[in-house]
Amino acid sequence: MQRLSRLSPEVRQYLLVTGNYWAFTLTDGALRMLVVLHFHGLGYSPLQIAALFLFYEIFGVVTNLLGGWLGARLGLNRTMNIGLALQVAALLMLTVPAALLTVPWVMAAQALSGIAKDLNKMSAKSAIKLLVPDTQQGTLYQWVAVLTGSKNALKGVGFFLGGLLLALLGFAGAVLAMAALLALIWVASLLLLKKDLGKASRKPKFRDLLSKSRAVNILSGARLFLFGARDVWFVVALPVFLASSLGWDFWQVGGFLALWVIGYGILQSLAPWVTGKRSGRVPDGRAALLWAAGLAGLPAAIALGLQSSLPVAPVLIGGLLLFGAVFAVNSSLHSYLIVSYAKQDGVSLDVGFYYMSNAMGRLVGTLLSGWVYQSYGLPACLWVSSAFVLLAALISIGLPRHAAPGRG
């Protein structure tokens, strides 16, 4: 605590925001893996498992739109703390006896978790904009990359933790342990996080919910298809395929997906160096276009490999690793560009609108992941993924060729 007090106020707040985001992400990743594996073990079909996350994604769409407005009115510290509290409540809902753990109840808990997750993420991403001067775009890119990459690395740890806790404590014991940990983080956040962080100088109205920035709108459209392309095969289809077709157990599925997401997060953190930060450049819309174009063919190549006579496991695992590396750079570029494009005053409005599109992509991807996999198999999910990335690349053609600084 004494070392923390010696740091500059901006760095101290950045560390607090990042720590909150880390703790939340750990429980969020673990909970997702717990739900997928637990209900698959109970005999639920892939489409039924996807339906359990329906409200999680739907409420994520609504929360990002309204959460940006709330953040600008109330301050990002409050929206972040509300998110932590709601996640504790969602976890506690899942500790009921097994007989009461019905599909509607789980969907309601997932809805609450979806609201919590997107309040927390919107608050964390928006706060970074306020802690770095507009003239230091390279620093902004690096801080956003570290926040995003470390979050995803911890989400991977959460996947492994979910499989581990399910094996050791059972479903109810696992969620109870996570609720207790997150409650302690929430109390610390209430005491330490700066008051009124990100509060707009004027009270935004409901008509301000939709972004008036062309760059933000185009980037949001590209983000929708980019994340739909990932989740259409990653959320439900992949873990179920690994468990049912390759015969992997909970430990193997959770461990592999954990390592994939950890590696993906590390590469996100390194994206500024991959895209030219060493030479003093920061990315613009052209970089987003080129990296999306480079990603578009990878899911199709994996699908072709699975439909050939090649061994399934090496094709799938190798393809997934390559997809993760290129996707990580795409995601990190987008995360930097939205923070750069967002206006300084009421930053959460633009960031919230953008992550609303992100949540819409996840919603579409999650639903298609269950339906397409159940109806046509994993290769079909990959073909849809490739089409979605191609659409993201085409939309990115309209992005500004030079990253615009925030409009304060």
Side-chain angles (χ1 to χ4, degrees), residues 29 32-33 36-37 40 46 50 149 152-153 155-156 159-160 163 222 225-249 251-268 270-271 274 288 290-334 361-362 364-366 368-393:
R32 178 167 287 263
M33 189 56 57
V36 170
L37 294 178
H40 174 65
N152 282 307
K155 189 170 185 178
F159 285 166
F160 176 76
F225 287 105
L226 183 67
F227 269 74
R230 184 197 66 178
D231 286 4
V232 72
W233 66 291
F234 188 77
V235 172
V236 176
L238 181 63
V240 172
F241 181 85
L242 293 174
S244 60
S245 297
L246 297 187
W248 290 17
D249 59 25
W251 290 79
Q252 291 173 307
V253 174
F256 174 70
L257 295 182
L259 290 174
W260 184 86
V261 178
I262 290 169
Y264 161 74
I266 292 171
L267 286 172
Q268 277 188 308
L270 298 176
V274 175
L290 293 177
W291 278 94
L295 180 66
L298 291 180
I302 301 170
L304 289 172
L306 293 178
Q307 293 171 321
S308 71
S309 58
L310 295 172
V312 172
V315 168
L316 183 60
I317 294 171
L320 181 61
L321 294 175
L322 185 57
F323 177 89
V326 182
F327 186 88
V329 178
N330 274 273
S331 178
S332 194
L333 283 172
H334 278 210
R362 290 176 58 89
V364 172
T366 297
L368 287 177
S369 187
W371 176 67
V372 174
Y373 177 75
Q374 184 169 311
S375 302
Y376 306 103
L378 184 60
C381 294
L382 289 160
W383 283 111
V384 173
S385 175
S386 204
F388 273 22
V389 179
L390 182 60
L391 285 171

Side chain to side chain contact (heavy atoms under 4.5 Å, CB included) against [X], all qualifying residues, sequence neighbours excluded:
X: A380; result: V372, Y376
X: L304; result: Q307, W383
X: L322; result: L298
X: L267; result: A325, A328

All ring pair (Phe, Tyr, Trp, His ring centres under 6.0 Å) counterparts of [X], not counting sequence neighbours:
X: F234; result: W260
X: F256; result: W248
X: F225; result: F388

Identify the heavy atoms of [X] and [Y] that sit nearest to each other, and give their distance.
X: V232; Y: S385; value: CG1-CB, 3.6 Å
X: A393; Y: A293; value: CB-N, 3.9 Å
X: P299; Y: S386; value: CB-N, 3.8 Å
X: A222; Y: A392; value: O-CB, 3.5 Å
X: G294; Y: V326; value: C-CG1, 4.4 Å

Practice item. Any ring pair (Phe, Tyr, Trp, His ring centres under 6.0 Å) involving residues 296-326? Give me the pairs, sequence neighbours left out, ordered by first then second residue. Key: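 Non-adjacent pairs meeting ring pair (Phe, Tyr, Trp, His ring centres under 6.0 Å): W233-F323, F323-F327.
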Review point. Ring pair (Phe, Tyr, Trp, His ring centres under 6.0 Å): which pairs involve residues 295-322, sequence neighbours left out?
Key: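 Listed once each, the pairs would be none.
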Practice item. Using the salt bridge (charged side-chain N to carboxylate O under 4.0 Å, His left out) rule, collect all pairs that involve residues 228-245, keeping only residues at least two apart or in two chains. Key: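 Of all non-adjacent pairs touching residues 228-245, those that pass salt bridge (charged side-chain N to carboxylate O under 4.0 Å, His left out) are D231-R362.
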Practice item. Decide side chain to side chain contact (heavy atoms under 4.5 Å, CB included) for L238 and L316; before the verdict, give the C-alpha distance in whole Å, the side-chain angles of both, and the deciding distance to 0.1 Å. Key: CA-CA 9 Å; L238 181 63; L316 183 60; 3.9 Å; yes
Review point. What is the distance from atom CG of L259 to atom CD1 of I317, rounded to the nearest 0.5 Å?
Key: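 Taking CG in L259 and CD1 in I317, the distance rounds to 11.0 Å.
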Check your understanding: Would L378 and I302 count as a side chain to side chain contact (heavy atoms under 4.5 Å, CB included) if you check the C-alpha gap in whole Å, the side-chain angles of each, and the deciding distance to 0.1 Å?
Key -> CA-CA 10 Å; L378 184 60; I302 301 170; over 6 Å; no
Practice item. Using atom types as modelled and distance alone, determine if a side-chain donor or acceptor of S369 lies under 3.5 Å from a backbone N or O of V236. Key: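 Such a contact is found between S369 side chain and V236 backbone.
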Exercise for review: Check side-chain hydrogen bond (donor to acceptor under 3.5 Å, both in side chains) between T366 and all other residues, then give those that pass, not counting sequence neighbours.
Suggested key: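 Per chain and number, T366 pairs via side-chain hydrogen bond (donor to acceptor under 3.5 Å, both in side chains) with no residue.
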Practice item. Determine, step by step, whether H334 and L226 satisfy the side chain to side chain contact (heavy atoms under 4.5 Å, CB included) criterion, reporting the C-alpha distance in whole Å, the side-chain angles of both residues, the deciding distance to 0.1 Å, and the verdict. Key: CA-CA 10 Å; H334 278 210; L226 183 67; 3.8 Å; yes
